[in-house]
Every structure is written in C-alpha cells, then in structure tokens.
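Heads up, the thing below is written out as structure tokens.
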Amino acid sequence: MLDLTFVRNNLALVEEKLRLRGMDPNEVLGDFRGVDAERRAHITTLETAQKRRNELSPKIGALKQAEKKGSLTAEQQKELAGLSEEVAREKAVIEDFEKRVAEADEKFKAILQGVPNLPHESVPVGKGAEDNVETRRWGSAPKFDFTPKPHWELGEQLGVLDLERGAKLSGARFAVYWDLGAKLERALANFMLDLHTREHGYTEVLPPYLVNSESMYGTGQLPKFAADLFRVPHGERDLWLIPTAEVPVTNLYRDETIEAARLPLSLTAYTACFRSEAGSYGKDVRGIIRQHQFQKVELVKFAHPERSYDELEKLTKHAETVLQKLGLHYRVMTLCTADMGFSSAKTYDIEVWLPGQGLFREISSCSNFEAFQARRANIRFKPEGKGKSEFVHTLNGSGLAVGRTWVAIVENYQQADGSVLIPEALRPYMGAERIVPKKF
RNA sequence: GGAGAGGUGCGUGAGUGGUUGAAACGAUCCGCCUCGAAAGCGGACAUACCUUAACGGGUAUCGUGGGUUCAAAUCCCACCCUCUCCGCCA
C-alpha cells in the first residue's frame, strides 16, 4: 500500500507511474479526489458531533446525580431536559456519520489497496515481458553430441520423477519423487541453506505453512489475489496455505518495531509452497515447472530505506551464487515497468538455461518492495537516537526455487547414456556422483 | 475436545460506569547538580486520523468485533490469543 498523504499530494506523479506500468490511472484510482474529500468531510462532521457530546455528557451526569438526590431545582430540571434533547440529536448525527465514514473508508481503502507500488526510477520502461532488459549473463550453455531431453522424459526414464502417481494421489500438477530424485531435492535444499547461512549471513527460520488472513494481507496476497491461493476452512476463520515463504517470514515482524542497529535483518527459509495456479490452465502442463506444490528456499531482508537498493543487489548475487556453484548457465533480467509484480518497486528475475527445452526459465525473482509491504504489515524501525519510527524496506528473492533447480540439474547434466551427473558441489549432499536408470 | 484463569502504555502493574489516554514504579531521553559519573532533583516520554500557514485544537484507540448507556478500560455477547489441569496425539 502506498502512503495516503503521498498519493494525495502527488497524484500527478502516481498517475504517471501507473501509466509506465501500462495501467489506466483513471481505472486504478477511480474518483480518488472525490472519495477522499467525501471521507474527510464526513470525519469532520462526525468528530464535531462527538466533541459536542463529550462536552455535554459530564453536565448531564452532574444533573442526574443531583436528580437522584432530589435536589434539582425547576430550572435545573429544564436544563437537564434541554441537554438530553441536544445530546440525543448529536447522537443521531454520530450514528449516521459513523456509518457514512465507515462506508467512505471502505471505498477509499479499496482504491488505495488497488494501487500497485511505484516503479523505481532505475526500472526500464516497457510494455510487456519482451521489454525486460538482460542485465548480465553467466556461464555458457552445455554442448551435447546428442539431442538433450526435457526433464519429464529423463525423470521417468531414471525412475526418479513419477507424475502419474502424483496425479493419482492428488491430481494434475502434483509430483512424486523417488529415490535419488527425492534425495536430489533434499540435497539442493541443504546445499542452498548451508550456503546462505554460512557464507551469506542469513539466519534460518522454519515458519508455518498455514497462515491467517492478516498475514496474507500484510504481504499483499489478499485481498486481491485470493484466487491464486489454497484456502483451508478452520472453525470461524480461514487459514491459507503459503504460496511462498515470503508470507510467513515477512510477517514475522508484523506490528513490530525493529531497532535500527539490527538492520538489515537477513532471513532464509526452506518451505513448501502452494499455488492454485488459477488461470494458468494449459500453461507448462508438462513436467514440474508449474506445480500446485513445490519447495523453495527463500531469502528475505528487512532493510534501512537508504540502503535497500544495495541490499537488493546483494540478495540477487546471493541467489546467483547458488547457480554458479552448481555450474548452471543463467541470465539476469531487469523487469520492465509493465512486467513487475503488484507490490514490487524493482525486480530482477534470474533465468536458468534449460537445454532439454532450449530456453531460459525463471528460477528466482528478487524484489525490493520498499515500504509497500511494511506499510501494510506495519513493520517499523526506530532510527538511532531520537526520531519517529519509520517503515522498513522489505526485500525478498528465491534462493532458489528447488523444484526448478532440480529440473536444471537434470537437463544440464544429462549424459549420452541417459544418466545424470551430479555437480561437484552437490556430491557431499547426495552421496552419489550420478543418477542412473532404475525402475519404480 | 472438556474445566478453569487471564489479556491495560516500552516493562511491571493499578484501575468494576463520569474528574483515567489511563495512577504508581521501572526503562529511556532532556536538563540541573558534578572534574566526570552514580545518586538526587525537575521535565519529557503511544499510535492513527481530522483540522491549522504555523503554534495549536480535536476524535478514536486499554486483545478483536459488536451491543447497552447521555457517558464504557470498567456492564453484556461473539471471536482471537496466552497460561494451568484433564483427554487425545507425532
């Protein structure tokens, strides 16, 4: 969520930035000025009436006390009647305008919550994914003297990936990993967590996979993107399966104030992620690129506003390091204004080369949300010395999506004989140098 | 799942209908004192929103949401959370 006062005072700028995102400002902002003015007028009316009532109440109280004791003069009797009448009138106004303010608040909040974050000035302007800018590239695509296969074929032949039984158990977009396939997933997760905790200074956390609506609201999944989530009914209130560890980890500090000296806080978490993928029917139906459940190692930072863009660069490098150590060819894309997510001010996508499919595929998305999430989730820091607390900047990125890394390993390290070589860095975690065909 | 206790400001903790946005103590900050410090003394010390050129003024907030009342931290209802005991369970 953007700052109310900022939007009010910089409406032209906000409209301009929305256009950069390829959105129609009128559609997004609606009658912002009108609703804002209406809301404020109603608040003023309400508070005036409340003030009057608060002035009258003690007078009525005193007179009623006297009435009880029977020491009320005729004149006071009249005064009491008059005051009672007046306060009744004010009360009617209060009740009426409490409703009107609530309605106006609702309308206003709906507008404000529907406004995406403003792109940072360094973000390239564009109209769609084709305008994303390749910022750097690492390594080179492996050469094969045979036609490399996609991971779904390899996985089945090796006996490590079982999509049929995944479908039997749960339905489409669920997978079962067997034997060294399962172990590869676990090895990758451990490798990534060790790298980030030992060499990059992150603290590991293991959060719940089910969270309440407040948490989903805090990171911006709700109210707008409920359709992408799995909802779990639970008594009077619903719980939601997390679509990414970003949700529970960012919300760790919801409604809290962090000491400035502790910033930046760097956290990493390995969790399962659940996405209903509504609206993506027919997309990536083969293999395990797009699943309802997948596992991911997430990197989250809470940073000082002045240093958040440095932290974004670092966080992105941390994610890249995983690919470098695994010897996987990749490129870093700076998303253009039109392709960024709703809450992001700047995003780098890391795309890994998948030879079986002959394309680069997103394996990490690293974003600076500035204060957009912090404002919603009320995450502050107290500046050194005195001064008012301010909102922190939140950042996150995948470090990496384990399922897609699994795909990258299998496709990039496939051999002519149908086996898959395990990269050096992973061998201590695998206890094997190679995956060879086996029946499940 | 059953029975009970409780949720107040940064912390401890008063407060059962009006003078309490909230005592007291502690923490923190600023002064005074001191060569410096401690102690002592004096003062400051929540958030959001509305209003104002500004100084300031106002409204709301005592787990959350409703209700009763002229008036609610205080009474009523629902929910959430924490703790204790029982049951169940990895």
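These numbers were taken from a predicted model, which means no experiment stands behind them. Below, each value reflects all heavy atoms present in this structure, side chains not excepted, and no hydrogens, waters or symmetry copies. First the proteins, then the strands, lettered A, B, ... as listed; each starts at 1.
Distance noted for atom P between B:rA46 and B:rC41: 23 Å (whole Å). Only the P atoms considered, B:rA38 is 23 Å distant from B:rC45, to the nearest whole Å. Comparing B:rU64 with B:rU51, their C1' atoms sit 29 Å apart, to the nearest whole Å. Here, B:rU28 and B:rA39 have their P atoms 9 Å apart, quoted to the whole Å. With P as the reference atom, B:rG63 and B:rG7 are 8 Å apart, rounded to whole Å. Rounded to whole Å, the C1' atom of B:rG13 lies 40 Å from the corresponding atom of B:rA90. Taking atom P on both nucleotides, B:rG1 is separated from B:rU8 by 25 Å, rounded to a whole Å.
When all heavy atoms are compared, the tightest approach of A:A345 to A:Y309 is CB-OH, 3.5 Å. In plain terms, the two heavy atoms of A:A432 and A:R427 that are nearest each other are O-CG, 3.7 Å. The shortest heavy-atom contact between A:R376 and A:L222 is NH2-O, 2.8 Å.
Aromatic ring centroids of A:F391 and A:F381 lie 6.0 Å or more apart. The aromatic ring centroids of A:F294 and A:F274 lie 6.0 Å or more from each other.
The distance from atom CD of A:E98 to atom C1' of B:rC49 is 15 Å, rounded to the nearest whole Å. Between the CZ atom of A:F6 and the P atom of B:rC49 there is a distance of 16 Å, given to the nearest Å. Between A:K99 atom NZ and B:rG66 atom P the separation is 12 Å, expressed in whole Å. B:rC79 atom P lies 18 Å from atom CG of A:N212, rounded to whole Å. Rounded to whole Å, atom C1' of B:rU47 lies 16 Å from atom CG of A:L4. In this structure, A:R254 places its CZ atom 14 Å from C1' of B:rG63, rounding to the nearest Å. A:I379 places its CD1 atom 17 Å from the C1' atom of B:rU47, with the value rounded to the nearest Å. Put simply, NZ on A:K382 is 11 Å from C1' on B:rU47, counting in whole angstrom units.
Backbone-only engagement by A:R39 is indicated by non-hydrogen atom pairs under 4.0 Å involving sugar-phosphate atoms exclusively. Contact annotation for A:S84: no contact, since no heavy-atom pair falls under 4.0 Å across all strands.
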Quick one: which protein N/O atoms are closer than 3.5 Å to N/O atoms of nucleotides 57-61 of chain B? Pair and distance per line, please.
| unit_1 | atom_1 | unit_2 | atom_2 | d |
| --- | --- | --- | --- | --- |
| B:rG58 | N2 | A:E47 | OE1 | 3.0 |
| B:rG58 | N2 | A:E47 | OE2 | 3.3 |
| B:rU59 | OP1 | A:N54 | ND2 | 3.4 |
| B:rU59 | O3' | A:Q50 | OE1 | 3.4 |
| B:rU59 | O2' | A:Q50 | OE1 | 2.6 |
| B:rA60 | OP1 | A:R53 | NH2 | 3.3 |

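No hydrogens or angles considered: nothing links the side chains of A:N54 and A:S57 as a donor-acceptor pair under 3.5 Å. No side-chain N or O of A:K296 forms a donor-acceptor pair with one of A:T271 less than 3.5 Å apart.
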Pairing pattern in dot-bracket form [Watson-Crick, G-U; both distances under 3.5 Å; | = partner strand] for RNA chain B: ((((((((.[[[..)..(.....]]].(((((.......))))).((((((....)))))).[[[[[..)....]]]]])))))))....

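Aromatic ring pairs are classed by plane angle as parallel below 30°, tilted from 30° to 60° and perpendicular above 60°; the pair A:H200 and A:H196 is tilted.
Applying the 4.0 Å criterion to OP1 and OP2 of B:rA48, one finds that A:R375 has every side-chain N and O outside that range. Within the structure, a side-chain polar atom (N or O) of A:R40 is placed less than 4.0 Å from OP1 or OP2 of B:rU51.
Ranking B:rC70, B:rU51, B:rU47 by closeness to the A:R380 side chain, first place goes to B:rU47.
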Worked verdict on A:Y177 versus A:W406 for ring-ring contact (aromatic ring centres under 6.0 Å, His included): CA-CA 11 Å; A:Y177 298 78; A:W406 191 102; 5.3 Å; yes

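Among A:R52, A:R53, A:K91, the single residue meeting the side-chain hydrogen bond (donor to acceptor under 3.5 Å, both in side chains) criterion with A:E86 is A:R52.
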